[in-house]
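Just the heavy atoms: all of them, side chains too, but no hydrogens, waters or symmetry mates, feed the values below.
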Amino acid sequence: MYKCIYCNSEDLSVSDVISCALTGAKVTRKFVCKYHNKFTNQYENIAIKKLNFFRNKIGLTERDGS
């Protein structure tokens with residue numbers, strides 16, 4: 001059984017934090033619990049905003065398609 005990489009919880013949710021923030025890829029894995037997935041999504045949003053200039057240059061969009 002897989003466990004959360006942060007707290008060892010077995011209540012995992014699907015996460016695409018790093019791949020979406022940096023490349024726009026929708027590669028998902030179950031490696032974090034629901035609590036930590038929500039927590040790390042905050043950092044994903046910060047990364048997306050800070051990398052917007054580069055993301056726009058290579059044609060990546062926000063999660064909502066904008």
Side-chain angles (χ1 to χ4, degrees):
M1 176 62 102
Y2 294 105
K3 295 182 180 182
C4 176
I5 61 173
Y6 300 107
C7 69
N8 289 327
S9 170
E10 293 182 0
D11 183 26
L12 301 179
S13 65
V14 175
S15 177
D16 63 354
V17 175
I18 303 301
S19 57
C20 187
L22 300 178
T23 67
K26 300 297 183 202
V27 177
T28 59
R29 296 285 186 263
K30 285 190 171 188
F31 59 86
V32 295
C33 66
K34 293 176 184 178
Y35 170 79
H36 285 106
N37 192 20
K38 183 177 177 182
F39 176 76
T40 54
N41 280 343
Q42 296 170 8
Y43 293 103
E44 178 185 29
N45 291 330
I46 292 169
I48 288 172
K49 286 181 186 359
K50 290 187 180 217
L51 297 171
N52 263 347
F53 174 78
F54 299 106
R55 290 171 52 82
N56 289 336
K57 286 290 187 187
I58 59 175
L60 298 177
T61 62
E62 301 282 339
R63 283 183 171 204
D64 63 4
S66 61

Worksheet item: Hey, what's the ring geometry for H36 with F39, parallel, tilted or perpendicular (30° and 60° as the breaks)?
Response: perpendicular
Worksheet entry | Nearest-0.5 Å distance that lies between atom SG in C4 and atom OH in Y35 | 10.5 Å
Worksheet item: Hey, what do you get for NZ (K34) to OG (S9), rounding to the nearest 0.5 Å?
Response: 9.5 Å
Worksheet item: Mind checking whether F31 and Y6 sit in one hydrophobic cluster, side chains of I, L, V, M, F, W, Y counted as touching below 4.5 Å?
Response: yes
